[in-house]
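Inspection log for the structure reproduced underneath, given as structure tokens.
Below, all heavy atoms of this structure are taken into account, side chains as well, without hydrogens, waters or symmetry copies. Order of the sequence lines sets the chain letters (A, B, ...), proteins ahead of strands, with each chain counted from 1.
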Amino acid sequence: MADKKLLLIDGNSVAFRAFYALYRQLDKFTSPDGLHTNAIYTFKNMFDSMLKQLQPSNILVAFDAGKVTFRTEMFQDYKGGRQKTPNELLEQLPFIKEMLEHLGVKSYELENYEADDIIGTLSKMGDEAGYEVAVVSGDRDLTQLASKHVTVYITKNGVGEMEAYTPEHMKEVNGVTPTEYIDMKALMGDSSDNYPGVTKVGPKTASNLIQQYGSIENLYEHVEEMKKSKLKENLINDKDKAFLAKKLATIDRDSPIAVGLEDTKINSVDIAGLREFYERLGFKKFLAEMSVATDGNVSSEDMQKYDYVELTSDNIAQLKLDDSEAAFYLEMLGDNYHLAQFVAFALKTSDGIYVSKDVALLEESPLKEFLQNPDIKKNVFDLKRTYIGLNRLGVQAEGINYDMLLASYLINNENNSNDLGEVAHLYDNYAVKTDVEVYGKGKKQAVPDDETLFSHLAAKVVAIDKLKPALLEELKDHEQDSLYDEIEVPLAFVLAKMEITGMKVLPTTLIQLENEFGMQLSKLEEEIYLEAGERFNLNSPKQLGHILFEKLNLPPLKKTKTGYSTSVEVLDQLRSQSKIVDKILNYRQISKIQSTYVKGLLDVVQADGRVHTRYLQTLTATGRLSSVDPNLQNIPTRSEEGKQIRKAFVPSQEDGYIFSCDYSQVELRVLAHVSGDENMQEAFNTGYDIHAHTAMKIFHLNSTDEVTPDMRRTAKAVNFGIVYGISDYGLSKNIGITRKQAKEFIDSYFEQYPGIRSFMDQAIKSAREKGYAETIMHRRRYLPDIHAKNFNVRSFAERTAINSPIQGSAADIIKIAMINMQKKLTELNLKTKMVLQVHDELIFDVPKDELEIIKKIVPEVMQNAIKLDVPLIADAGWGHSWYDAK
DNA sequence: TTGGTCACG
DNA sequence: ACGTACGTGACCAAT
């Protein structure tokens with residue numbers, strides 16, 4: 001702690017920031033009595049972060065006393081027209097003050113003055129008395145107080161982040177000194193405080209003028225010397241406004257405050273009062289923190305320090321591992337567990353907690369036997385990560401039967417996290433810190449000292465065990481036990497094996513493509529520069545927009561937040577207007593393939609000549625998987641150039657096959673099943689081409705023979721639209737018809753498939769009643785926005801309520817197929833490996849002599865994954881590369 | 001870190 | 001009347 005360091009906080013401003021930081025969680029943060037607490041809670045977090053960063057010896061928090069101040073006397077409309085502070089925030093202010101009192105911190109407000117003036121006055125007093133002064137506010141006005149010993153911190157978006165304004169920083173940002181800033185404001189006015197400055201003068205002009213003249217007084221002495229301009233006229237006309245604005249902008253540094261520096265001393269924390277306060281507001285996290293900080297009086301057993309034993313090769317022999325159940329955690333630094341550095345492990349048995357940084361201990365007796373013993377049930381967090389980490393150490397884990405991460409994802413994937421600490425916090429267990437707290441993030445990520453590390457890991461294994469009953473109970477309440485036990489947990493092992501196997505990629509094929517595409521790209525580049533008349537960065541949408549819409553004067557058809565849109569959608573319509581457009585589209589397409597797929601893929605081929613993706617099993621809102629590092633679920637297939645990439649994906653044996661099998665229209669079949677629509681079910685049961693059948697229906701034809709390719713295309717778009725929760729606008733935009741036509745198609749569709757409409761209505765109604773949408777396997781997606789007042793937000797939730805059960809059930813189905821498939825491969829003792837899943841498609845690496853059996857069993861297993869009211873159909877293809885597997 | 005763009009189902 | 005399709009990940013430029 002610095003000797004004399006005074007922290008002055010702008011209470012209203014910080015509370016305001018705190019309130020809006022968690023505004024979206026407004027309804028989730030309430031006390032047992034129903035009081036909103038989001039601002040109180042965040043205020044405390046921000047306050048803690050200030051203490052940590054600034055280490056003050058003295059503190060005072062200043063508040064505004066009321067609406068009327070000496071400034072409103074000068075200027076009636078001061079802060080007029082400003083939106084009223086929401087009641088939800090106002091009602092929290094007294095509690096913030098109460099909390100500060102318990103914390104031993106003085107709050108102060110003064111009739112007729114704003115918090116700014118209190119801070120201005122105290123900062124002056126502090127400065128004169130030899131204090132280092134730190135001012136914290138969300139309001140940039142305060143930056144005028146900055147001086148050699150006064151630093152003004154302006155809160156940024158993140159809870160703990162602040163921008164430090166020293167006189168030097170002021171100069172960089174505004175070009176003026178803190179005192180000159182007042183004069184700058186005099187010229188600019190302040191729209192949020194509702195007072196005008198000089199007409200047409202903004203920050204730029206104001207800054208330039210003040211840099212030139214130093215103050216408005218001096219400026220107006222010389223104003224007649226300025227050469228004739230609109231600016232000069234405005235300055236002269238608005239002279240009174242400027243001088244008034246200066247008065248309003250100036251913080252009173254000699255206000256008649258009734259507190260002095262002696263009042264800023266920090267008193268001791270009123271522990272009992274604070275605890276009672278936290279309990280009243282339901283702040284479990286802060287309560288838990290208190291128990292640790294104050295030692296003794298530990299009310300929450302969560303916060304006990306755990307005793308652990310550090311395992312070494314010397315004491316390992318004494319380790320008793322005769323339990324039938326234990327918790328285990330293997331720590332690796334970084335997301336990519338295929339490559340991540342091992343840090344340490346922790347183990348919790350009935351005897352106690354054991355930790356060690358020596359992961360080699362896992363490779364030997366007795367830990368290896370323990371981990372490989374199927375009869376000892378292991379509780380973990382992130383089964384797949386654990387399994388693969390152990391696999392790298394030569395351990396084939398068995399008996400892992402509980403995964404806290406998977407369970408929490410199934411229970412509620414709304415506030416999804418892969419961090420054990422964060423998940424534990426969701427279940428009111430604050431005994432374990434988050435990994436970011438312990439290891440840091442980004443460049444600063446590092447392993448801490450042994451004591452910190454071991455305590456963290458000990459807390460982790462304890463939390464895994466401790467929360468297990470609650471999570472299992474909740475799964476049961478949700479009727480998700482079989483989704484968890486029979487789908488997600490077994491699937492995690494299947495995915496682990498797929499990831500470990502990886503897929504063979506031929507770098508030479510990619511390098512050939514790199515050369516070809518490279519030549520095409522340089523040729524296109526030159527041609528484009530020639531047409532444009534200059535060289536520029538083709539990959540910059542901003543620069544490209546400038547060339548197209550300003551230099552070449554093409555019509556800008558669409559805008560984005562930041563400028564002109566240059567997307568395919570726009571460029572496609574400009575094709576006829578300039579030769580350059582086609583070339584740009586062509587360049588874009590090839591450059592995408594080159595950077596993302598050719599170069600990107602080459603970068604991630606590992607030493608074994610394979611790519612090992614990671615499937616994220618606990619990420620998506622619908623239950624699908626996602627694939628990263630590399631993403632193998634978006635390898636090009638639609639364009640021929642892109643499809644070339646697939647030639648580099650080959651079987652592990654040269655004469656082997658890549659075998660691919662995909663479901664035909666799973667989502668529509670799921671829709672036919674869940675909606676019970678008779679016409680659609682009949683179409684699938686009879687084996688019609690569903691899009692042609694739809695075309696026949698919506699165009700009122702007598703037979704599918706009359707369906708033209710155009711009609712079929714339209715019908716296909718309508719079928720897709722239905723799955724997404726259709727709107728006439730969306731459909732019209734997608735297939736380039738009018739909204740009216742689109743509406744007619746949709747109406748006609750609902751007439752022909754009446755069950756679909758009632759399904760959609762029912763889906764929305766049920767989401768409203770239950771608060772979530774659900775798949776056939778009881779996977780949930782919570783939809784709080786279904787009750788939103790905002791039309792757009794609510795509509796989005798409604799479409800989601802329709803789409804999620806469809807997309808999610810399809811995900812359930814292929815997951816079941818994958819588990820059955822892996823089982824079958826093992827049963828039949830085949831060498832074939834399942835290597836990829838692309839949402840409705842499974843891909844296998846097949847030795848030559850297994851092709852025949854695979855052709856038979858894969859479609860069979862996929863088609864029989866689940867029994868629906870309509871048949872599931874899966875079509876297979878194979879070849880000597882992924883490209884040829886069609 | 002964010003936004004634009006584009007690859008996939 | 002509201003403005004709009006559902007679900008993802010990677011790359012690049014600009015902040």
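- In terms of the side-chain contact (heavy atoms from CB on, under 4.5 Å) criterion, residue partners of I511(A) (sequence neighbours excluded) are, by chain and number, E514(A), N515(A), L602(A).
- Using a 4.0 Å cut-off between charged nitrogen and carboxylate oxygen, R779(A) and E488(A) count as a salt-bridge pair.
- When heavy atoms are screened at a 4.0 angstrom cut-off, S565(A) is found touching the sugar-phosphate backbone but no base atom.
- Shown here are the side-chain contact (heavy atoms from CB on, under 4.5 Å) partners of N792(A), two or more places apart in sequence or in another chain: N790(A).
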With sugar-phosphate taken as primed atoms, P, OP1 and OP2 and all else as base, the protein-contact string of nucleotides 5-12 of chain C at under 4.0 Å (heavy atoms; B, S, -) is BBBSBBSS
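- Atoms CD1 (I645(A)) and C1' (dC6(B)) sit 14 Å apart, rounded to a whole Å.
- Listed by first residue number, the stems of DNA chain C with at least three Watson-Crick or G-U pairs below 3.5 Å are B:1-9 with C:6-14.
- Protein atom CG of L538(A) is 13 Å distant from nucleotide atom P of dC6(B), rounded to whole Å.
- Taking 4.0 Å as the cut-off between side-chain N and carboxylate O, R712(A) and D689(A) count as a salt-bridged pair.
- Looking at heavy-atom distances under 4.0 Å, Q589(A) makes contact with sugar-phosphate atoms alone, never a base.
- The F791(A) side chain lies nearest to dG3(C) when the options are dC8(B), dT5(B), dG3(C).
- K697(A) has no carboxylate O lying under 4.0 Å from a charged side-chain N of E751(A), or vice versa, which leaves the two without a salt bridge.
- Distances were taken from every side-chain heavy atom of R638(A) (C-beta onward) to each of dC6(B), dG3(B), dC8(B); the shortest belongs to dC8(B).
- Straight-line distance from the CG atom of L668(A) to the P atom of dG9(B): 15 Å, rounded to whole Å.
- Taking atom P in both dC2(C) and dA7(B), one finds a spacing of 33 Å when rounded to whole Å.
- Under a 4.0 Å N-O distance rule, the pair R535(A)/E525(A) does not qualify as a salt bridge.
- With rounding to whole Å, L671(A) atom CG is found 20 Å from dG9(B) atom P.
- No N or O donor and acceptor, one from the side chain of R588(A) and one from the base of dG4(B), sit under 3.5 Å apart.
- Here Q543(A) lies in heavy-atom contact (under 4.0 Å) with sugar-phosphate atoms only.
- Spacing between atom CG of N792(A) and atom C1' of dA1(C) amounts to 11 Å, rounded to whole angstrom units.
- Between Q837(A) and dG9(B) there is no side-chain N or O to OP1 or OP2 distance below 4.0 Å.
- Judged as a salt bridge (Lys or Arg N to Asp or Glu O under 4.0 Å), the pairs with a partner in residues 716-735 of chain A (not counting sequence neighbours) are, in order, D728(A)-R739(A).
- Using a 4.0 Å cut-off between a side-chain N of Lys or Arg and a carboxylate O of Asp or Glu, K765(A) and D761(A) do not qualify as a salt bridge.
- Rounded to whole angstrom, the span from the CD atom of E569(A) across to the C1' atom of dT4(C) amounts to 12 Å.
- Under 4.0 angstrom from either OP1 or OP2 of dA7(B) there lies no side-chain N or O belonging to S639(A).
- A salt bridge does not link K815(A) with D812(A): every distance from a Lys NZ or Arg NE/NH1/NH2 to an Asp or Glu carboxylate oxygen is 4.0 Å or more.
- At whole-Å resolution of the value, CD1 in I584(A) and P in dC6(B) are 11 Å apart.
- Across dC6(B) and dA5(C), the matching P atoms stand 16 Å from one another, rounded to whole Å.
- Y749(A) is linked by a ring-ring contact (aromatic ring centres under 6.0 Å, His included) to Y753(A), counting only residues two or more places apart in sequence or in another chain.
- As judged by a 4.0 angstrom heavy-atom cut-off over every strand, I635(A) is placed among residues touching the sugar-phosphate backbone only.
- Atom CZ of F536(A) is separated from atom C1' of dA14(C) by 17 Å (rounded to the nearest Å).
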